[in-house]
Amino acid sequence: MDKMLYIAASGAKQDFNATAIRANNLANAQTNGFKAQLEQARAMPVYGDGLPTRVFSMTESPTNNYDSGPLITTGRPLDVAVQGDGWFSVQTPQGEEAYTRSGSLTMTVDGALQDSKGNLVLGENGPLFLPVPVNNVTVGNDGRISARLQGAPESQVDEVGRLKLVNPPIDTMKRRTDGLFDLKEGGVAPQDIRVGVASGMLEGSNVNAVEEMVSMISLQRHYEMQVKLMKKADQMVTSSNTLLRII
């Protein structure tokens, strides 16, 4: 009976973990550039002093869904979406380089480009600072940023920077706790000039809300089944103790 109880209890706990992953996906169904987490459960043997006769369930998130999300037209010049594979490079407040697919950019009063979370957007030579005041800022398909500088003729447009766009292999990347991504082995990814972007657009979340809801309902039913097994194990123990008292 203890084997049955242990398996059911560990399974119920892992159902909670899986539900947390699915709930996080659902909560970010409207977050630009968000990549859904994938989850799976598997049986793991329990090793100890004796033979591994017991197993427990383990839920893990081995990877993420890196499919592109839908493109949303905004018409805003500093809204940029990666076309196909690739990432924007940003610098966190801790000075680390990380990667994101969210291209909702803003410019501070001193000309610094930031993403929606306040991280500095990186260019080819570090954080991008545009000369201020500046007008008519546009981003080309190759990530080059052009603008009309103060005092320049209306028809004159100058290149003022270029986004650092990267495309490291997906299996070398991992999700950070702040929602950004970086390389598993550390270091920084090199610039990839083949990555293209579209201006005036944002990439939406790739979360399928219907699929996540169905998965959460399935996990809830599975949790209820585990609870029933635990109650059944308790009833069997009670019945066994009653028989022993009779004998």
Side-chain angles (χ1 to χ4, degrees), residues 28-35 66-168 173 175-176 178-183 188-207:
N28 287 281
Q30 300 299 322
T31 301
N32 292 327
F34 182 80
K35 299 302 178 187
Y66 290 105
D67 292 342
S68 298
L71 293 182
I72 305 167
T73 301
T74 65
R76 181 172 172 270
L78 285 180
D79 283 344
V80 191
V82 174
Q83 294 183 304
D85 297 331
W87 303 80
F88 299 106
S89 302
V90 297
Q91 185 180 82
T92 67
Q94 293 74 34
E96 302 168 332
E97 180 169 323
Y99 310 105
T100 180
R101 294 277 293 196
S102 178
S104 180
L105 310 183
T106 57
M107 186 173 65
T108 64
V109 292
D110 58 354
L113 277 185
Q114 296 181 336
D115 68 2
S116 58
K117 295 182 178 180
N119 299 305
L120 291 174
V121 177
L122 293 178
E124 295 177 302
N125 300 305
L128 280 170
F129 286 86
L130 306 187
V132 289
V134 68
N135 297 309
N136 302 334
V137 179
T138 59
V139 182
N141 292 339
D142 59 356
R144 296 180 189 273
I145 303 173
S146 303
R148 184 175 69 84
L149 304 180
Q150 185 182 33
E154 288 288 338
S155 59
Q156 181 176 329
V157 176
D158 299 301
E159 182 179 330
V160 293
R162 184 175 184 177
L163 298 172
K164 181 183 178 182
L165 302 169
V166 303
N167 188 23
M173 303 190 71
R175 185 191 299 268
R176 295 161 48 104
D178 56 7
L180 300 173
F181 291 79
D182 59 15
L183 301 181
V188 298
Q191 172 101 357
D192 191 333
I193 61 175
R194 296 169 296 179
V195 179
V197 298
S199 181
M201 307 185 80
L202 288 174
E203 179 185 353
S205 171
N206 71 351
V207 172

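Throughout, numbering of the chain's residues begins at 1 and tracks the sequence.
Separation of atoms OG (S199) and CG (L78) is listed at 7.5 Å; rounding is to 0.5 Å. For the atom pair CG of L105 and CG of D79, the computed distance is 7.5 Å after rounding to the nearest 0.5 Å. Atom CG of N32 and atom CG of D115 lie 11.5 Å apart (nearest 0.5 Å). Note that CD of E203 and OG1 of T100 are 9.0 Å apart. Values are rounded to the nearest 0.5 Å. Here the CD-CG distance, from E97 to L120, works out to 12.0 Å after rounding to the nearest 0.5 Å. Once rounded to the nearest 0.5 Å, the distance linking OG of S89 with CG of N119 reads 11.5 Å.
The shortest heavy-atom contact between P70 and S205 is CD-O, 3.4 Å. Nearest approach of L165 to D142, heavy atoms of both residues: CD1-O, 4.1 Å. Shortest non-hydrogen contact noted between L71 and A81 is CD2-CB, 3.7 Å. Here the closest non-hydrogen pair linking P77 and V137 is CB-O, 3.2 Å. Residue M201 comes nearest to T74 through the heavy atom pair N-OG1, 4.0 Å, listed as atom of the first residue, atom of the second, then distance. Nearest heavy atoms, L149 versus P131: CD2-CG, 3.4 Å.
The shortest side-chain heavy-atom distance between L113 and I145 falls under the 4.5 Å cut-off. In this structure the side chain of T92 reaches within 4.5 angstrom of the side chain of R176, judged on heavy atoms. Side-chain contact between K35 and N206 is present, with heavy atoms from C-beta onward closer than 4.5 Å. Between F88 and V121 there is no side-chain heavy-atom pair separated by less than 4.5 Å. In this structure the side chain of R148 never reaches within 4.5 angstrom of the side chain of D158, judged on heavy atoms. L128 is listed as a side-chain neighbour of L163, based on a closest heavy-atom distance under 4.5 Å. Between E96 and D182, the closest side-chain pair of non-hydrogen atoms is not below 4.5 Å. In this structure, V188 and Y99 have side chains that are in contact, with non-hydrogen atoms separated by less than 4.5 Å.
Between the side chain of R162 and the main chain of N125, no donor-acceptor pair closer than 3.5 Å is present. No donor-acceptor pair closer than 3.5 Å links the side chain of Q114 to the backbone N or O of T106.
Around atom CD1 of I193, no more than 12 heavy atoms belonging to other residues, nucleotides or ligands sit under 6.0 Å away. No more than 12 heavy atoms of other residues, nucleotides or ligands sit less than 6.0 Å from atom CD of Q30. Heavy atoms from other residues, nucleotides or ligands lying under 6.0 Å from CG of N167 number more than 12.
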* Would N136 and V157 count as a side chain to side chain contact (heavy atoms under 4.5 Å, CB included) if you check the C-alpha gap in whole Å, the side-chain angles of each, and the deciding distance to 0.1 Å? -> CA-CA 8 Å; N136 302 334; V157 176; over 6 Å; no

* To do: Mind running side chain to side chain contact (heavy atoms under 4.5 Å, CB included) on L183 and M173 for me, showing each step along the way?
  => CA-CA 5 Å; L183 301 181; M173 303 190 71; 4.3 Å; yes

* Where do K117 and V90 land on the side chain to side chain contact (heavy atoms under 4.5 Å, CB included) test, with the steps shown first? -> CA-CA 10 Å; K117 295 182 178 180; V90 297; over 6 Å; no

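The cationic group of R175 does not satisfy the cation-pi geometry with Y66, failing either the under 6.0 Å distance to the six-membered ring centre or the 45° limit from the ring axis.
Taking a cutoff of 4.0 Å between a charged side-chain nitrogen and a carboxylate oxygen, D192 and R194 qualify as a salt bridge.
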